[in-house]
Colleague: 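Could you have a look at this structure, given as structure tokens, before my questions?
Reminder, nothing fancy here: chain letters follow the sequence lines and each chain counts from 1. Just so you know, these numbers use all the heavy atoms, side chains as well, and skip hydrogens, waters and symmetry mates.
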2 protein chains.
Amino acid sequence: MKEAYLLMRDAGLKLTPRRQAIIAMFSDSRVQLSPQEVQERLKCQFIRCGLPGVYRNLEALADCGVLFRVVGFGRERSYALCCCSQRDGVHHHHHVICISCGLVGQVESCAYQEGVVIEGFRVVSHVLQLRGICASCSSRETEASG
Amino acid sequence: MKEAYLLMRDAGLKLTPRRQAIIAMFSDSRVQLSPQEVQERLKCQFIRCGLPGVYRNLEALADCGVLFRVVGFGRERSYALCCCSQRDGVHHHHHVICISCGLVGQVESCAYQEGVVIEGFRVVSHVLQLRGICASCSSRETEASG
DNA sequence: TTATAAATGGAAACTATTTCTGTTTATCCT
DNA sequence: AGGATAAACAGAAATAGTTTCCATTTATAA
Ligand SMILES: [Mn+2]
Ligand SMILES: [Mn+2]
Ligand SMILES: [Zn+2]
Ligand SMILES: [Zn+2]
């Protein structure tokens with residue numbers, strides 16, 4: 001949380017009530033959220049809250065590393081909290097999201113760093129995102145069925 | 001090419017002139033194409049050609065494995081020819097696209113097969129797509145600069 | 001406190017995608 | 001070859017996600 005504010009400050013972003021609320025929202029329930037969902041939830045705290053502002057804020061927070069953009073095929077955008085402290089030296093990483101509780105994990109190992117040659121192609125960039133079951137959800141499953 | 005028709009037949013898709021043209025288009029220039037771009041190119045051969053039909057065909061061809069869906073962040077869809085013969089036993093694989101010539105390569109090695117545990121998460125599904133420079137584009141680059 | 005650039009809401013524009021409907025056509029079966 | 005049938009088709013219109021624009025407010029630093 002503190003971390004997020006530092007990232008914002010580094011990027012020259014102001015700390016507005018709207019942004020505090022958005023960050024708190026993503027921290028509380030660690031799931032991916034679409035702009036519409038974010039607006040929906042903001043309306044509990046702010047009577048008026050325009051979608052354009054939500055879009056702007058989500059993009060700004062993704063730009064400075066507080067959120068990351070969830071990739072997919074289709075039209076809807078989606079964001080989630082980047083679990084990783086990127087302030088001291090950004091390192092290459094990806095995310096795995098628990099489909100049960102929404103926990104976001106950091107995937108450090110990546111075979112596709114820039115420059116690596118795979119199947120004859122020199123890799124320039126890549127997209128990787130995982131969905132899975134986290135350790136605690138997994139053990140809860142085992143208990144229930146066993 | 002023949003391969004594609006068999007995949008379509010397996011899926012119960014009719015072999016229409018529209019679909020033949022779409023497949024030929026993707027085979028000729030091995031780049032990813034948006035529905036709009038596909039329609040644009042179809043207009044050379046067909047006077048009338050509606051976008052809804054293009055959308056339907058691209059989805060149908062992706063469903064049966066002739067094309068694959070290029071992932072990204074945002075609203076625009078994009079497809080490319082799946083290089084891999086999926087008919088005899090579909091195997092897990094991904095794609096790398098040459099950013100210079102559009103060549104699509106098959107990435108066989110994948111550390112994220114279903115069931116694998118990564119950073120404490122049991123992997124259920126994942127998205128992976130690479131962009132790079134293919135061997136021939138790479139050597140052409142070297143020639144030019146050397 | 002004051003100056004300033006940034007953030008904001010709302011209306012409206014924009015754009016990608018989907019739905020709907022009536023017509024045409026590929027394919028299968030005589 | 002001819003007919004039946006489900007699939008494919010175009011085009012118009014609807015839908016939905018996103019962006020632009022502009023006048024007003026506000027966080028931040030001097
Ligand atoms: Mn990576
Ligand atoms: Mn894989
Ligand atoms: Zn979990
Ligand atoms: Zn190439």
Colleague: Provide, to the nearest angstrom, the distance between the CG atom belonging to A:Asn57 and the C1' atom belonging to D:dT18.
Modeller: 15 Å
Colleague: With ring centroids as reference points, do B:Phe73 and A:Tyr79 lie under 6.0 angstrom apart?
Modeller: yes
Colleague: To the nearest Å, give me how far apart CG (B:Leu51) and P (D:dA14) are.
Modeller: 18 Å
Colleague: Round to a whole Å and report the spacing from CZ of B:Phe46 to P of D:dA8.
Modeller: 15 Å
Colleague: Expressed in angstrom and rounded to an integer, what is the separation of B:Tyr79 atom OH from C:dA16 atom C1'?
Modeller: 12 Å
Colleague: Between C:dG10, D:dG17, C:dT19, which nucleotide gets closest to the side-chain atoms of B:Pro52?
Modeller: C:dT19
Colleague: Side-chain N or O of A:Tyr55 less than 4.0 angstrom from OP1 or OP2 on D:dT18?
Modeller: yes
Colleague: So, A:Ser29 and A:Arg41: side-chain donor and acceptor under 3.5 Å apart, yes or no?
Modeller: yes
Colleague: Would you tell me if any nitrogen or oxygen in the side chain of B:Arg56 comes within less than 4.0 Å of OP1 or OP2 on D:dA8?
Modeller: no
Colleague: Report the C-alpha separation of B:His126 and A:His94 in whole Å, then their side-chain angles, then the decisive distance to 0.1 Å, and conclude whether the side-chain hydrogen bond (donor to acceptor under 3.5 Å, both in side chains) test is met.
Modeller: CA-CA 11 Å; B:His126 63 286; A:His94 299 278; over 6 Å; no
Colleague: Thinking salt bridges, do B:Arg69 and B:Asp63 make one under a 4.0 Å N-O criterion?
Modeller: yes
Colleague: A:His93 vs A:His95 aromatic rings, parallel, tilted or perpendicular, using cut-offs 30° and 60°?
Modeller: perpendicular
Colleague: How would nucleotides 24-30 of chain C be written as a contact map, 5' to 3', with B for base contact, S for sugar-phosphate-only contact and - for no contact, using protein heavy atoms under 4.0 Å?
Modeller: -BBS---
Colleague: I need the CD-P distance between B:Gln39 and C:dT17, as an integer number of Å.
Modeller: 12 Å
Colleague: D:dC9 C1' sits how many Å from B:Glu59 CD, rounded?
Modeller: 17 Å
Colleague: Could you state the atom-to-atom distance from CD of A:Glu76 to C1' of D:dT15 in whole Å?
Modeller: 12 Å
Colleague: Identify the residue among A:Ile23, A:Leu13, A:Ile22 that makes a side chain to side chain contact (heavy atoms under 4.5 Å, CB included) with A:Asn57.
Modeller: A:Ile22
Colleague: Between C:dG10 and A:Arg48, is there an OP1 or OP2 to side-chain N/O distance shorter than 4.0 Å?
Modeller: yes
Colleague: Is there a side-chain contact between A:Arg77 and the phosphate of D:dT19, meaning an N or O under 4.0 Å from OP1 or OP2?
Modeller: yes
Colleague: Using the side chain to side chain contact (heavy atoms under 4.5 Å, CB included) definition, which of the options A:Gln39, A:Met25, A:Glu40 pairs with A:Leu33?
Modeller: A:Met25
Colleague: Starting at CD of A:Gln36 and ending at P of D:dT19, how long is that distance when rounded to a whole Å?
Modeller: 11 Å
Colleague: Between C:dT17, D:dT18, C:dC20, which nucleotide has the shortest distance from any of its atoms to the side chain of A:Pro35?
Modeller: D:dT18
